[in-house]
Amino acid sequence: MIFSGISTLMSQTDLTRAGLYMQEQEYLKAMHIYEECIAEDSTRLHCIEQAGIAAFRSGILHKAKRQFHLLEKDPKYFKNAYIHLANIYELEEHIPKAINYNRLLRDSFPENALYYRKMAQLYMKAQLPFEALSYFQEAYNLNPQDLISLGALIDLLVQSAQHQMADSLLGLGLAIDHESIQLSQLKAKNFYKQRMYDSTVNVLQTIYQKIDFTNYYNKMMGFSLIQIDSIDKAIFFLERSLVNEGDPEYAHYYLGIAYEKQGDIQASVYHFNQAIDAGKSSGLPLYYKNLGRIHAENNQWKKSLSAYEWSYRYEPESILLYFMGEAAEKYYKDKTIAINYYERYIRSNDLREDVKKYSKDKVRYLKEWQHSTMNN
């Protein structure tokens, strides 16, 4: 349609000016011109598309969405409409609709690996890793140079304990880019999940100082170093993992282990207590049990008993009854509490017959001791 009557209809000069505004990223100014164009002639699909793009780039998503929905059936403009609608719905956290538009793009362009990868990423957002895995696999099959899809695929394999397959794909990825930080981190993670701590440390050392480790990798490095008895270095990385850490529970627990190995009992107790304070996981009984053991080793029987009791409350592990009996025996003059714990342990379903036999001997001895004390 040729515009005439410049006083009432939009001229080509106006559209040229709108195009310049788009180039100069003056999106609001461009959007207003394109909206005037649409108001004058609702069949001007170019104006609709550009109005949608300008609105999208200005963050006015409801207007952008309205414009692109007008274009999604057009054979010339549908691809751009699908792409923008997929992005808009993802930004709005409407993941099912975002998946749907990427599925339409995949069906329209089945050889384009990008849409398989995008669908996989959206399924990950929807917490559907099994579905995501198959789409990352498809993306990688279509484009074996796509290290983004390959890295995501490897990460899912590591998480699902498919370590041999993950290692094989890591070899392929590192052959393409042997300097890839992402793939090196995934290689370390794959070793770590298999408890191959020497190998974990070796891989992480190759990228240390090339990047700043996240708290996750600082913890991974720190815990791996504990396992190979490099305690000073372990403490260094674990302390770093606490910087701006929103969930410090495991870092404190690992530091508790490290400081105990170093012989700094005060620091060890401090970090176990910090792990307990931050505790949101199933690890709480373990933290308390470690505290109970450390206090027992230092003859702090009251603190030991209290820690074991808390551990038992969170997870009634039978052997804790024996430990509580031992702590109560050392702490209380009246041995009744200790006898009660030992007898509860004897009645438990714990299979350590040697410890049960020793507990029975303890009970017999303590009862005889109490009887003789009362008669004296």
Side-chain angles (χ1 to χ4, degrees), residues 127 129 155 158-161 188-189 192-195 197 200 204 213-328 331 337 341 344-345 348-350:
Q127 299 183 346
D155 198 16
V158 172
Q159 290 179 45
S160 59
K189 186 176 181 180
Y192 184 72
K193 294 289 186 181
Q194 298 174 80
R195 302 183 180 182
Y197 299 115
T200 303
L204 289 177
F213 283 170
T214 63
N215 288 340
Y216 176 81
Y217 284 100
N218 275 316
K219 283 198 286 285
M220 181 188 294
M221 183 68 144
F223 185 76
S224 299
L225 287 164
I226 290 174
Q227 303 309 307
I228 62 174
D229 292 324
S230 185
I231 305 304
D232 289 343
K233 288 182 179 178
I235 289 171
F236 170 78
F237 282 100
L238 291 170
E239 293 283 6
R240 287 187 66 182
S241 78
L242 286 172
V243 177
N244 297 322
E245 174 59 270
D247 185 12
E249 177 183 347
Y250 290 111
H252 282 301
Y253 171 59
Y254 298 154
L255 280 164
I257 295 172
Y259 277 115
E260 184 186 2
K261 285 179 174 287
Q262 195 185 57
D264 189 339
I265 301 306
Q266 184 176 356
S268 177
V269 168
Y270 168 79
H271 283 289
F272 281 134
N273 278 316
Q274 290 297 110
I276 289 167
D277 289 343
K280 300 175 184 175
S281 76
S282 59
L284 282 169
L286 180 61
Y287 310 153
Y288 276 115
K289 184 161 69 171
N290 274 279
L291 269 181
R293 176 182 49 76
I294 291 172
H295 287 312
E297 289 171 356
N298 288 273
N299 299 318
Q300 297 172 320
W301 299 110
K302 182 179 180 181
K303 290 181 178 179
S304 176
L305 179 59
S306 175
Y308 282 137
E309 286 174 337
W310 275 106
S311 181
Y312 189 82
R313 286 172 194 168
Y314 282 106
E315 185 178 318
E317 185 185 0
S318 298
I319 193 63
L320 292 171
L321 293 167
Y322 172 78
F323 295 147
M324 286 187 276
E326 187 177 51
Y331 180 68
I337 295 175
Y341 279 127
R344 286 174 63 190
Y345 173 68
S348 76
N349 58 1
D350 193 75

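As a basis for the values below, the full set of heavy atoms in this structure was taken, side chains included, without hydrogen atoms, waters or symmetry mates. Heads up: numbering here begins at 1 and tracks the sequence.
For the pair I276/W310, no side-chain contact is recorded, criterion being any heavy-atom separation below 4.5 Å from C-beta on. Residues L321 and D350 are not in side-chain contact: their nearest non-hydrogen atoms beyond the backbone lie 4.5 Å or more apart. With a 4.5 Å cut-off on side-chain heavy atoms, E239 and L242 count as touching. Contact of the M324 side chain with the Y312 side chain is registered, since non-hydrogen atoms from C-beta on lie closer than 4.5 Å. At least one side-chain heavy atom of Y308 sits under 4.5 Å from a side-chain heavy atom of R293. Side-chain contact check for K189 versus Q159: some heavy-atom pair is nearer than 4.5 Å.
In this structure, the side chain of S348 engages the main chain of Y345 through a donor-acceptor pair within 3.5 Å. A donor-acceptor distance shorter than 3.5 angstrom exists from the side chain of S224 to the backbone of M220, with no hydrogens or angles considered. S241 contributes no side-chain N or O that, together with a main-chain N or O of K219, makes up a donor-acceptor pair within less than 3.5 Å. One N or O on the side chain of N215 and one on the backbone of V243 form a donor-acceptor pair closer than 3.5 Å.
With values rounded to the nearest 0.5 angstrom, T200 atom OG1 is found 8.5 Å from Q194 atom CD. Note that NE2 of H252 and CD of Q274 are 4.5 Å apart. Values are rounded to the nearest 0.5 Å. The CG atom of L291 lies 10.0 Å from the CG atom of L286; values are rounded to the nearest 0.5 Å. For the atom pair CZ of F237 and CG of L225, the computed distance is 6.5 Å after rounding to the nearest 0.5 Å. Atom-to-atom distance recorded for Y254:OH and E249:CD is 9.5 Å, nearest 0.5 angstrom.
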Open item on the list: Would L320 and E315 count as a side chain to side chain contact (heavy atoms under 4.5 Å, CB included) here? Give the steps.
Closed with: CA-CA 10 Å; L320 292 171; E315 185 178 318; over 6 Å; no
Task: Evaluation steps, side chain to side chain contact (heavy atoms under 4.5 Å, CB included), between H271 and Y259 - done: CA-CA 9 Å; H271 283 289; Y259 277 115; 3.6 Å; yes
TODO: With side chain to side chain contact (heavy atoms under 4.5 Å, CB included) as the test, would you mind laying out the steps for Y341 and Y322 before giving the verdict?
DONE: CA-CA 6 Å; Y341 279 127; Y322 172 78; over 6 Å; no
- [ ] Decide yes or no on side chain to side chain contact (heavy atoms under 4.5 Å, CB included) for I226 and L238, but give the supporting numbers first.
- [x] CA-CA 10 Å; I226 290 174; L238 291 170; 3.9 Å; yes
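In terms of heavy-atom proximity, P248 sits nearest to A278 at CG-CB, 4.0 Å. The shortest heavy-atom contact between I337 and A328 is CG2-CB, 3.9 Å. Between G292 and A307, the shortest heavy-atom distance links the atoms N-CB, 3.5 Å.
Ring geometry, Y253 versus F272: the interplanar angle falls from 30° to 60°, so the pair is classed tilted.
Put simply, the residue from S306, P316, P285 that forms a side chain to side chain contact (heavy atoms under 4.5 Å, CB included) with S311 is P285.
For W301, the CH2 atom sits in a packed shell: over 12 heavy atoms of surrounding residues, nucleotides or ligands are nearer than 6.0 Å. Around the CG atom of N244, the shell of radius 6.0 Å holds no more than 12 heavy atoms that belong to other residues, nucleotides or ligands. In this structure, F236 places its CZ atom where more than 12 heavy-atom neighbours from other residues, nucleotides or ligands lie under 6.0 Å away.
Within the 6.0 Å centre-distance limit, the rings of F223 and Y197 are counted as a close aromatic pair.
A salt bridge is defined here as a Lys NZ or Arg NE, NH1 or NH2 lying under 4.0 Å from an Asp or Glu carboxylate O, and E317 with K289 meets this definition.
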